[in-house]
Trainee: 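Once you've had a glance at the structure underneath, I'll fire off some questions.
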Amino acid sequence: MNKIISMSITASLGLFISACSLSPNLNTPEANYTFANDKQNNNNNIDQKWWKEFEDDHLNKLVSLALKNNSDLKIAYIHLKQASAQLGIDFSNLMPKFDASANALRSKTSINAPTNKSGQFNYSNDFKMGLNLSYEIDLWGKYRDSYRASKSSFEASQYDYEAARLSIISNTVQTYFNLVNAYENENILQQAYEAAQEIYRINNEKFSAGTTGEYELSQAKANLESISLQYNQAQLNKENYLKALKILTSNDLNDILYQDQDYQTFNLKEFDIPTGITSEILLQRPDISSSLEKLMQKNYLIGVARSAFLPSLSLTGLLGFESNDLDTLVKNGSKTWNIGGSFLMPIFHWGEINENINLAKLNKDEAFINYENTLKTAFGEIRYALISRKNIRLQYDNALSSEQAYKRIYEIAKERYDIGEMSLQDYLEARQNWLNSQINFNNTKYSYANSIVDVIKAFGGGFNQQDENSWESTQKEEIQNLENSLK
């Protein structure tokens with residue numbers, strides 16, 4: 001028995017290695033482009049845990065919670081495990097299958113049976129026990145191409161998981177920045193609203209005393225209502241971002257429903273990001289890698305479909321014991337074996353096989369176009385992210401200069417008001433203008449922070465030109481946390 005098993009395994013491995021493949025050669029579109037880089041900026045490395053570069057403990061905690069609790073990431077991980085299971089199933093089809101079997105049969109032969117010459121009822125027993133072998137020889141690479149297709153699908157699911165991870169991290173970071181911006185704007189608008197209330201009160205008193213007209217009073221009233229509207233909208237924006245952040249990071253319903261979020265104001269952090277992109281960095285984008293693997297999967301499935309036109313050869317065998325008495329089943333005289341084969345050749349299937357091949361080719365053509373589109377989208381996102389970051393950086397400088405100018409105007413107004421050279425209304429207006437410039441600066445500052453995240457995301461996450469696969473070593477703890485949460 002051991003000899004037969006060894007021979008079967010050796011034969012199957014030999015056929016597995018030598019089996020032909022009917023899948024067509026795959027010519028993927030090349031990403032031909034000019035790499036324009038700043039010579040002074042050649043060593044561009046961003047850590048895989050790039051969000052920690054912002055030096056915000058609240059943000060670091062939120063990202064960790066998102067990687068542990070986010071439902072979309074859990075679904076991506078389940079898809080990864082499903083692809084892994086399918087890969088194992090398709091690998092098993094490459095190998096012979098062995099099954100243990102046991103059968104017991106007692107029969108009664110009628111007197112009138114043609115084979116019964118005794119003229120009496122005959123009773124007989126048949127006991128069998130053994131090891132069954134079944135194996136379809138992979139002559140045309142059907143099972144091998146199925147395995148390769150599953151392997152590409154599994155690798156694509158790994159990249160899909162990485163893409164989901166990157167998206168969740170980026171969304172968490174940007175939502176946190178937007179929330180902090182909303183908190184700051186709410187505080188500033190509250191001060192602006194209080195200043196507008198004071199301006200309206202002064203104008204109302206002057207109007208009552210007859211020292212100012214209805215036009216000035218209406219102007220102060222309109223200003224108050226406008227700032228009140230902005231203040232209420234800022235509160236609503238804060239709650240909207242807070243809701244989004246809680247959904248991204250929390251599994252606790254009470255936390256989502258009731259809890260606020262601690263934060264710290266953003267300090268400008270410059271990242272050393274290249275002005276151009278190499279093909280090595282570009283191919284780190286998980287969506288591109290996933291799209292390529294899916295294209296390879298569809299190409300292998302063409303070979304699987306083509307193999308249905310060709311004959312199949314299957315082997316079966318039994319090695320065991322057979323006896324008419326249970327007591328003698330495992331005796332030397334009860335040993336039995338058999339080996340056989342079957343040949344199947346498709347003749348006429350009403351076009352089913354041909355249509356399956358056409359369908360597989362169309363699926364491959366669709367995957368090819370998706371891959372091309374993914375490349376185009378990636379280049380477009382990179383271009384926009386780099387230009388956007390550059391322009392918002394200029395806006396940041398302008399907003400900072402404007403805020404400092406209005407701050408200086410307010411400081412001068414305060415000095416004049418303190419010595420009686422400026423009215424309270426003019427002083428409060430100068431203060432309100434400064435507060436408005438702070439809001440504009442905050443909005444620009446957090447837009448710049450988000451633009452940095454957009455660039456990192458467009459480049460496929462944190463990248464290191466010397467160690468492109470370093471991300472794999474950073475996710476062991478994250479994967480374990482996901483495993484634990486799914487148990």
Side-chain angles (χ1 to χ4, degrees), residues 21-35 48 72-73 75-88 90-91 141 144-170 274 276-306 357 359-385 455-465 467-472 475:
S21 174
L22 299 180
S23 60
N25 292 328
L26 180 61
N27 296 317
T28 57
E30 295 183 4
N32 295 320
Y33 63 97
T34 302
F35 171 53
Q48 297 298 333
D72 291 336
L73 190 61
I75 291 174
Y77 182 69
I78 289 173
H79 290 166
L80 172 61
K81 300 295 287 184
Q82 289 171 336
S84 176
Q86 185 61 52
L87 180 62
D90 287 331
F91 178 78
R144 188 176 185 184
D145 281 340
S146 294
Y147 172 74
R148 288 167 170 169
S150 290
K151 185 176 181 181
S152 291
S153 177
F154 170 67
E155 291 178 355
S157 68
Q158 287 182 309
Y159 290 119
D160 288 340
Y161 170 80
E162 186 186 349
R165 177 180 179 272
L166 174 59
S167 177
I168 287 164
I169 292 173
S170 301
I277 181 169
T278 65
S279 59
E280 289 81 6
I281 294 177
L282 175 66
L283 293 176
Q284 287 184 152
R285 279 186 59 125
D287 56 341
I288 292 178
S289 299
S290 173
S291 182
L292 179 58
E293 291 295 340
K294 290 173 182 176
L295 172 58
M296 295 172 63
Q297 175 198 15
K298 300 302 182 183
N299 192 64
Y300 286 128
L301 291 178
I302 295 176
V304 176
R306 284 175 172 175
I357 294 174
L359 182 60
K361 289 179 178 179
L362 290 171
N363 289 337
K364 180 241 185 171
D365 291 340
E366 180 184 5
F368 186 89
I369 294 172
N370 284 336
Y371 178 67
E372 284 187 320
N373 189 55
T374 302
L375 282 176
K376 294 175 184 178
T377 301
F379 278 89
E381 289 178 353
I382 291 168
R383 174 190 174 92
Y384 180 79
V455 171
I456 296 173
K457 183 178 179 181
F459 276 63
F463 59 87
N464 185 314
Q465 291 182 340
D467 186 9
E468 298 175 11
N469 297 316
S470 61
W471 67 271
E472 296 177 353
Q475 297 188 27

Trainee: Tabulate below the donor-acceptor pairs under 3.5 Å that side-chain atoms of residues 376-384 make, not counting sequence neighbours, or state none.
Mentor:
from : atom 1 : to   : atom 2 : distance (Å)
T377 : OG1    : N373 : O      : 2.8
E381 : OE1    : R285 : NH1    : 3.1
E381 : OE1    : R285 : NH2    : 2.8

Trainee: Holding to side chain to side chain donor-acceptor pair (under 3.5 Å), I want the full list of residues that pass it with S23, two or more places apart in sequence or in another chain.
Mentor: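 Expected list: S21.
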
Trainee: Which residues pass the side chain to side chain contact (heavy atoms under 4.5 Å, CB included) test with S290, sequence neighbours left out?
Mentor: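 By the side chain to side chain contact (heavy atoms under 4.5 Å, CB included) rule, S290 matches A156, Y159, D160, K294.
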
Trainee: As an exercise, state the distance from CD of Q82 to CD1 of I75, rounded to the nearest 0.5 Å.
Mentor: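 Reported to 0.5 Å precision, the distance equals 10.5 Å.
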
Trainee: Do S157 side-chain atoms and F154 backbone N/O form a donor-acceptor pair below 3.5 Å?
Mentor: yes

Trainee: For T374, enumerate each residue passing the side chain to side chain contact (heavy atoms under 4.5 Å, CB included) test, keeping only those at least two apart in sequence or located in another chain.
Mentor: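 Residues passing side chain to side chain contact (heavy atoms under 4.5 Å, CB included) with T374: D287, I288, S291.
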
Trainee: Got a second to check how far F368's CZ is from L292's CG, nearest 0.5 Å?
Mentor: 10.5 Å

Trainee: Roughly how far, to the nearest 0.5 Å, is OH of Y161 from CD of Q158?
Mentor: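 Between atom CD of Q158 and atom OH of Y161 there are 11.0 Å.
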
Trainee: Hey, what do you get for NZ (K151) to OG (S146), rounding to the nearest 0.5 Å?
Mentor: 14.5 Å

Trainee: Before you tell me yes or no, could you show the steps for R144 and R148 under side-chain contact (heavy atoms from CB on, under 4.5 Å), namely the whole-Å CA-CA distance, both residues' side-chain angles and the distance that decides it to 0.1 Å?
Mentor: CA-CA 6 Å; R144 188 176 185 184; R148 288 167 170 169; 3.1 Å; yes

Trainee: Minimum heavy-atom separation for S153 to A83, with atom names?
Mentor: O-CB, 4.2 Å

Trainee: Which atom pair, heavy atoms only, marks the closest approach of G303 to D145?
Mentor: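 Scanning both residues completely, I find the closest heavy atoms to be CA-OD2, 3.8 Å.
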
Trainee: Specify the closest pair of heavy atoms between A149 and L301, including all atoms of both residues, with the distance to one decimal.
Mentor: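 Looks like CB-CD2, 3.7 Å.
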
Trainee: K457: which residues meet the side chain to side chain contact (heavy atoms under 4.5 Å, CB included) condition with it, sequence neighbours left out?
Mentor: L166, S167, S170, N171

Trainee: Can you list everything that forms a side chain to side chain donor-acceptor pair (under 3.5 Å) with Q86? Sequence neighbours excluded, please.
Mentor: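 Once residues adjacent in sequence are excluded, the partners of Q86 under the side chain to side chain donor-acceptor pair (under 3.5 Å) criterion are D90.
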
Trainee: Who passes side chain to side chain contact (heavy atoms under 4.5 Å, CB included) against L26, sequence neighbours left out?
Mentor: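 T28, L295, M296, N299, K364.
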
